[in-house]
A.B. asks: 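Mind looking over this structure? Questions follow.
A note on names: the letters A, B, ... follow the listed sequences, proteins ahead of strands, and every chain is numbered from 1.
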Protein chains: 2
Amino acid sequence: MATKQAKKTRKPEPEKEEGKHEVNPDLTWEELEKGTRPGDKYVRIHRPYARLLRRLAPDYLLATEKVYEPKDLPGRIWSLLHFIAIGRPLPSAAEIHERLGKAKALAIFASDALSSNAYATEEILLVLVLAGSGALGLSLPIALTISLVLAMVAFSYRQTVQVYTKGGGSYTVAKENLGTLPGLVAAAALLIDYVLTVAVSVAAGTAALTSALPQLYEQRILLSLLFILLITLGNLRGIRESGNIFALPTYFFIFSMAGMILVGLFQATTGNITPSAPQEAIAGSEPLTFFLILRAFSSGSVAMTGTEAIANGVPAFKPPEGKNAAITLFWMAAILATFFVGLTFLAQAYGIVPSETETVVSQLARGIFGEGVPYFMIQASTMLILVLAANTSFAGFPRLASVLALDRFMPHQMSFRGERLAFSRGIVVLAILAGVLIVAFGSSTHALIPLYAVGVFLSFTLSQSGMVVRWWRLRSPGWKRSVLINGSGAVLTGIVLIVVASTKFAGGAWIVILLVPLLVLLFLGISLHYRNVGEQLRPSREAIILNPATVRQKVIVPIADVNQASLRAVTYAKSISDDVIGVHVTDEPQEAEAIRKKWREWEWDTPLVILESPYRSLTPPLLTYIEALQKENPEGFVTVVVPEFIPAHWWENFLHNRSAERLKKAVLSMPNTVVIDVPYQLQR
Amino acid sequence: MATKQAKKTRKPEPEKEEGKHEVNPDLTWEELEKGTRPGDKYVRIHRPYARLLRRLAPDYLLATEKVYEPKDLPGRIWSLLHFIAIGRPLPSAAEIHERLGKAKALAIFASDALSSNAYATEEILLVLVLAGSGALGLSLPIALTISLVLAMVAFSYRQTVQVYTKGGGSYTVAKENLGTLPGLVAAAALLIDYVLTVAVSVAAGTAALTSALPQLYEQRILLSLLFILLITLGNLRGIRESGNIFALPTYFFIFSMAGMILVGLFQATTGNITPSAPQEAIAGSEPLTFFLILRAFSSGSVAMTGTEAIANGVPAFKPPEGKNAAITLFWMAAILATFFVGLTFLAQAYGIVPSETETVVSQLARGIFGEGVPYFMIQASTMLILVLAANTSFAGFPRLASVLALDRFMPHQMSFRGERLAFSRGIVVLAILAGVLIVAFGSSTHALIPLYAVGVFLSFTLSQSGMVVRWWRLRSPGWKRSVLINGSGAVLTGIVLIVVASTKFAGGAWIVILLVPLLVLLFLGISLHYRNVGEQLRPSREAIILNPATVRQKVIVPIADVNQASLRAVTYAKSISDDVIGVHVTDEPQEAEAIRKKWREWEWDTPLVILESPYRSLTPPLLTYIEALQKENPEGFVTVVVPEFIPAHWWENFLHNRSAERLKKAVLSMPNTVVIDVPYQLQR
C-alpha cells in the first residue's frame with residue numbers, strides 16, 4: 001500500500017532532506033491515487049499549500065517547518081522571545097542526537113550526588129556537637145560507614161542499569177518485580193525527593209554564596225528563586241544544551257575540591273595546620289547516646305542522595321546505554337566517597353566546629369588556603385555545583401513523570417515533549433513545587449534536611465528488593481551472586497531507611513511519610529479515572545450509530561440582535577435542517593418587540609420565540625428551553641447554532657459581553673446537544 | 001395580536017401574582033395558536049417545563065424564578081453564599097420599589113459632602129501653619145469664602161436638578177448643551193473624582209479610627225481595604241438596603257457634630273476654654289504670600305466635593321424627583337456650610353495647631369469634651385461617616401458608567417444590572433480602582449488630597465456653563481435670572497478650578513490633568529469601535545445570503561483516537577453533509593497506522609487523512625489543512641466537527657489535554673469556517 005511505503009521510506013529529518021522521499025511529491029494526482037481504495041475522496045492540496053503540507057501518499061500529509069511559523073505580530077514576538085529563551089523547536093526525529101556521552105552524563109547526573117559534600121559533613125557535626133565538641137571525633141567512623149553503604153548501593157545499582165537500559169528507575173524495577181503498589185510507592189518517594197533535591201541544593205548553594213558575600217543574605221529567597229528560574233530555562237532548552245551548561249561547573253568543583261583535599265592532607269601529614277578558629281571546648285547539651293549517633297548517621301546519609309539518578313537516566317546515555325551508565329556510576333560513587341571521607345577527616349584534623357554563620361566547607365577552605373583566591377574558588381565552585389545539582393532532578397523528575405503518565409498514573413500531558421523535546425510540563429511543575437518549598441522554608445537548608453533522604457532510601461530498598469525477586473524468578477547464569485549483591489543492598493538500605501525515618505520523624509520526616517501514601521492514592525485515582533474514561537469511550541455498534549433522521553431534530557439559534565452575524569447563523573442553521581427556531585432572551589419586553597419587527601423583515605419563514613428572563617441572566621432560561629425541547633423528543637438531538645462575532649483585536653473582547661462563550665460552555669454539559677459556532681470575523 | 005396583549009397585561013412582578021395573567025396558561029394549544037400566523041411552528045412546552053417557562057403567547061415564554069435555581073451542589077453552595085452576601089435576586093420589574101425618600105436620600109448622597117468636615121479645616125490649617133502659627137487666624141475668612149462658593153454652587157444646582165430629573169450629572173448637562181467632547185471631559189473628571197472620593201474617605205475614616213486606637217495604625221491599609229469590601233457588598237445588595245445601612249451613621253454624625261459645635265460655641269462665648277495642647281508659637285518656614293493663602297483655599301475647597309452627588313442621583317429619588325432632590329440639596333449644603341464654618345471657628349477659638357499624630361477634629365473634641373464618652377462618640381461618628389461617604393461614589397460611579405455605556409463610550413457590560421438591580425460591574429470596578437489607590441498611597445489622606453477637587457471643579461464649571469447655554473437657547477420665562485445664577489456659578493467655579501489646578505499642580509493635580517484627556521481618548525476609541533462593529537454587523541441582503549449548497553462544502557472531523565466521542569462526531573458530520581473527511585494529526589507514524597486500522601473497522605466509507613506533525617503541535621498543521629481546503633473552493637465553507645468529551649467532574653479536566661478547546665479557539669478566527677462541537681458527556 002502506498003501509505004506503508006511512504007511511511008517506511010520517510011527519513012527521520014524530513015526538512016533536511018527535502019525532495020528525497022521515494023514517494024515523489026511531484027507525481028500527478030492520478031498516479032498517486034492508484035494506491036488507494038476506490039471510493040476514497042481526498043482533497044488535492046495545491047500551491048502554495050502543497051509546499052506547506054507535503055503529500056507522501058494520497059491520505060498522508062507531512063507538515064513542514066513553515067506551518068508552525070506564527071502569522072500575526074503578537075505571535076511572532078512571542079515566538080522570538082521563545083527562541084531566545086528556549087531555542088529553535090526540534091522535530092521529534094531529532095531525538096537520537098540528544099544523547100549524552102559519559103563525560104557529559106557524569107556532569108549531569110553526578111552533580112546532585114557530589115554536591116551533597118557541601119553539607120553532609122556539616123550535618124553530621126551539627127548533631128554530634130549536641131554532645132559537646134569531644135564527640136566530633138565520631139564523625140570519621142560515621143562517614144566511613146556511610147561510604148561503605150554507598151559502595152554497596154552503587155554495586156547494587158551497577159546490576160540494575162545493565163539490565164534496565166530503558167530506564168532502571170526504582171519505579172520500573174519495583175513495579176515489574178514486586179507489583180504495581182510497591183512501584184507506585186517508589187515513584188511517590190522519588191518524586192518527593194526530586195523536589196526536595198532542587199529545594200535543598202538551591203538553598204545550600206545560595207547559602208554558600210551568602211556566606212562569602214554576607215550583604216546578599218537578605219535577598220536569599222529571591223536569589224534561590226532566580227537560580228531555579230535559570231535552571232528551568234536551561235532545561236527547557238533540552239538535554240544536550242543543558243549538558244554543555246552543566247559540564248563545566250561540575251568539573252570545576254571536582255578539580256578544586258580535589259585540590260583542596262590534597263593540599264589539606266599534605267598540611268595535615270606535615271603537621272602544618274593553622275586552625276581557623278580559636279579552639280574552645282563546647283559543652284554538650286545532650287548525652288552522647290546511641291540514638292544521637294544514629295541521628296548523626298541519618299543526617300550524614302544525605303550524602304547518598306542522587307545515587308539513583310543514573311539508574312533513572314539510562315536512556316539518555318549514548319549506546320551501549322547500560323555499559324556507559326555502569327561506568328559513569330562507578331566514577332560518581334568513587335569521587336563522592338573519596339570527597340566525603342576526605343572532607344570529614346580534614347574537618348576533624350583542622351578541629352572545625354559547625355557554626356551558625358559559616359559553612360564547614362568554608363571554614364575548612366579558609367583554614368587550608370586562608371582568605372585568598374583559592375578560598376573564593378572553593379566557595380564559587382561549591383555554590384555552582386549546588387545550584388546546578390538541582391539539574392539532576394530536572395532531568396529525573398520529568399522523565400519519571402512521563403513514565404508514570406504513559407502508565408496512566410499521572411496526567412498524560414506529562415508525557416508530551418515540548419518544542420525542544422524536553423518534557424516541558426514536568427520541568428515547569430518541578431520548578432513551581434521547588435519554588436514553593438523555597439519560599440515556605442525560607443530558603444533554609446537545615447529546615448529542609450529532615451524531610452530529605454527518607455524518600456531516597458525507600459526507593460533504594462524497593463528497587464534492590466525488586467532486583468532480588470527478578471534474579472530469583474529468572475535464575476539466569478550467575479543469579480546467586482546477583483541475589484547476594486542486591487540482597488545485601490536491600491537489607492542495608494532497608495536498615496538505613498528505618499534509622500532515618502525513626503530518628504528524623506519528629507523533625508519533618510513525618511511529612512514525607514504522610515505524603516507518600518497520599519500520592520499513591522492520587523496515582524490510583526488518576527488511573528481509575530483514565531480506566532473509566534477508556535471504558536466509556538470504547539466504541540460499540542449500538543451506542544454510536546445515531547439515526548441521521550433524529551440527529552437534527554431541532555435547531556435553535558439564540559439571537560441577541562438581528563444583525564449580520566445572527567442572520568448568517570440562521571442561514572447556516574437552515575442549510576443543515578428544516579426545523580429552525582430563533583430564540584431571543586430579553587428582560588425588556590419593549591426591546592423584544594423591536595427585535596421581532598426587525599426579524600420579520602429578514603427572516604419571514606423562520607419562527608422567533610421571545611423568552612423573557614425577568615432576572616436578566618441569559619443562560620438559565622435558554623438551558624431550560626433546550627431541556628424542554630429534549631423532553632419533547634428524548635431520542636432526538638437539539639442543535640444550538642451560536643452566532644459569534646470575533647473582534648478584529650483581542651483587547652476588543654473586553655468591550656463585548658462574552659455571553660456566546662458562556663452559553664457554549666453551559667450547553668456542552670447537556671446530553672444530546674450539539675453546539676455549532678458560526679463565527680463572523682470583524683475586519684476592524 | 002396575542003403577543004402584544006400578553007405584554008401589555010403582564011404585571012411587573014410575575015412571581016407575586018402567579019396565575020393572574022390575562023393570557024391563561026391553561027388554554028389549549030389550539031386556542032393559543034389562533035393568534036399566530038399560519039406556518040409558524042412553535043414547540044409545545046409540556047410539564048414539568050410548562051411550570052418553568054410559562055407561555056404567555058405561542059411565541060412568548062416567561063421564565064419563572066425556578067429556572068434560575070442551580071441544580072448541582074457547587075452551584076447551590078455558590079448561590080447560598082451569594083444570597084448571604086448580596087441577598088435574593090430581584091426581577092427587573094421590582095426597580096420602582098428601590099427609590100429613595102428625602103431622609104434616606106440625604107443619608108446616602110450627603111455623607112460624602114458632610115464627611116469632608118473631618119479633614120477640610122485641617123487641610124487649610126496645614127497650609128497656613130507653613131507661615132507660622134500666627135497665620136492660622138486666616139482660616140476663618142477662607143472657610144467663609146469657601147462656604148459662599150458652596151452656597152452659589154448649591155443655588156446653581158437647584159436649577160439643574162429641577163430640569164434634569166433623569167439624572168442631571170455634569171456629563172448629561174455638558175453633553176446636551178456644550179457638545180459631546182465637553183460632556184466626555186466632565187464624565188472623565190467625575191469618574192476620577194468618584195474613585196478619589198472612595199480612597200480619600202476610606203483613608204480618612206481609617207485615620208479617625210487609628211488616632212483613637214493607635215495600636216491599629218500598622219494595619220491601616222488592611223483596614224481600609226476591609227472597609228471598601230464592606231461598602232462594596234452593601235452596594236451589591238442594591239439601593240434600598242444600602243439606604244438602611246447608611247441612614248443611621250449619617251444622622252449619628254449630624255447630631256453628634258452639631259452637639260459638639262453647640263457645646264463648643266457655648267464654652268467659647270462663656271470664655272470657658274481649656275486648650276487641648278500647650279500653646280507654643282510655631283515659626284513659619286515660608287513667608288505668608290498670596291499664593292500660600294490661595295493654596296490654603298484650594299486645600300479647603302475639598303469641603304465642596306460631593307455637592308454634585310444629588311444632581312447625578314436624581315432618578316433614585318421618589319417622585320416628584322426634581323423637587324425632592326432640590327430640597328435634599330438645600331439641606332445638605334446648609335448643614336455642610338454650618339459645620340465647616342463652625343469647626344473652623346472653634347479650631348481657632350481653641351487655638352488648635354495641626355499635628356502629625358492627631359486629627360484637628362480629634363483635638364477639638366478632646367478640648368471640648370475631654371477624654372470621655374462624648375469624645376469617643378465624635379471619633380466613632382466621624383469614622384463611620386467617612387467610611388460610608390465612600391458610598392456616595394458607589395451610587396454615582398456605576399450610574400455614570402452605565403449612562404456612558406448606554407451612549408457607547410464605555411463597555412456595554414457597565415449598563416447591565418446585577419441580580420439585585422445594582423450596576424454590579426461598575427461597583428466592582430470602582431472598588432478595585434479605589435483599592436489600588438489605597439495600596440499605592442499607603443492609605444494616606446494627605447498624599448491623596450492634592451489629586452482631589454480638580455475633577456470636581458472641572459465638572460462644576462462645565463455643568464454650570466451648560467446650564468447657561470441651555471437657558472440662552474430656550475429663553476423660557478425667567479431665563480435671565482437663571483442665566484445670572486448659573487453664569488455666576490460657572491465663573492466662580494471656573495476661578496476656583498484655575499486656583500486649585502495651579503496651586504496643587506506639582507503636588508499631584510498634574511496626574512488628574514493628564515488622566516482626563518487620556519480617559520476622553522479612551523471613551524472616543526470605545527465609541528469608534530462600537531460604531532465600526534455596528535456598521536459591519538448591519539444586515540445586508542447581499543452579504544448574508546449564503547448559498548446552502550456551498551455552505552457545507554467540506555466537513556472535517558479531527559480525530560485524536562477512534563472512540564465513542566469521535567465516532568459520534570463523525571456520524572453527526574455525515575448527517576449534515578456527504579463530504580466528510582476524518583483527519584488524524586500525529587507525530588508518530590506507527591501510532592497513526594494503528595489509528596488507521598481501527599478507523600477502517602468502524603468507518604469504512606469515510607476517508608481518513610493522516611497529517612504528520614513533526615514538531616508535535618496539533619493546531620498549526622490542522623489550520624493549514626483547513627486553509628488548503630478553503631483555497632480549493634474560496635466560495636465554500638469548511639465545517640470542523642470537533643468531538644469533545646466532557647469529564648463528569650470539573651477537576652478531571654486537569655487530566656485531559658484541552659486540545660479541543662484550543663483548536664476551537666484557533667478555528668474561530670478563520671473566515672468561512674464553522675465549528676461544530678459534538679460533546680460526549682462522561683458519566684463517571
Side-chain angles (χ1 to χ4, degrees), chain A residues 7 40 42-43 45 49 52-53 59-63 67-68 89 91-92 411 413 529 532 536-537 539 544 546 548 551 563-565 567-568 571-572 575-576 587 589 602 607 609-615 620-621 624 628-629 646 652 655 657 668-669 671 674-679 681-682 684, chain B residues 7 40 42-43 45 49 52-53 59-63 67-68 89 91-92 411 413 529 532 536-537 539 544 546 548 551 563-565 567-568 571-572 575-576 587 589 602 607 609-615 620-621 624 628-629 646 652 655 657 668-669 671 674-679 681-682 684:
Chain A
K7 234 167 38 51
D40 280 5
Y42 299 104
V43 178
I45 310 285
Y49 295 100
L52 298 174
L53 300 173
D59 61 352
Y60 199 101
L61 300 171
L62 174 67
V67 163
Y68 302 88
S92 301
Q413 294 94 309
H529 169 75
N532 276 337
Q536 291 175 80
L537 286 178
I544 56 152
L546 303 166
V551 160
N563 59 31
Q564 196 67 16
L567 289 174
R568 211 168 118 106
T571 310
Y572 187 91
S575 84
I576 63 165
D587 64 328
W602 293 93
V609 168
I610 305 286
L611 192 49
E612 188 183 330
S613 171
Y615 293 89
T624 309
L629 298 191
I646 312 294
E652 289 168 352
L655 299 176
N657 187 19
L668 278 182
S669 65
V674 169
V675 181
I676 302 193
D677 209 309
V678 182
Q681 289 86 14
L682 300 177
R684 54 191 157 88
Chain B
K7 237 168 34 54
D40 278 6
Y42 298 102
V43 178
I45 309 284
Y49 295 100
L52 297 175
L53 300 174
D59 62 352
Y60 200 101
L61 300 171
L62 174 66
V67 162
Y68 303 87
S92 300
Q413 292 94 309
H529 169 75
N532 276 336
Q536 290 175 81
L537 285 178
I544 57 151
L546 303 166
V551 159
N563 60 31
Q564 196 67 19
L567 289 173
R568 211 169 119 106
T571 309
Y572 186 90
S575 83
I576 63 166
D587 64 329
W602 294 93
V609 167
I610 305 287
L611 192 48
E612 187 182 331
S613 172
Y615 292 88
T624 309
L629 298 189
I646 312 295
E652 289 167 351
L655 299 176
N657 187 19
L668 280 181
S669 65
V674 169
V675 181
I676 301 192
D677 209 309
V678 183
Q681 290 85 13
L682 299 178
R684 53 190 158 89

A.B. asks: Under a 4.5 Å cutoff for heavy-atom pairs, which residue among Leu611(B), Val678(B), Val674(B) has the most contacts with chain A?
C.D. replies: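 Looking at each of Leu611(B), Val678(B), Val674(B) in turn, Val674(B) comes out on top.
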
A.B. asks: Measure the shortest side-chain to side-chain distance between Leu668(B) and Asp677(A) over non-hydrogen atoms and say whether it is less than 4.5 angstrom.
C.D. replies: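 Yes. Closest side-chain heavy atoms under 4.5 Å.
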
A.B. asks: How long is the span from the CG atom in Leu682(B) to the CG atom in Asn532(A), to the nearest 0.5 Å?
C.D. replies: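 Output value for this atom pair is 9.0 Å.
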
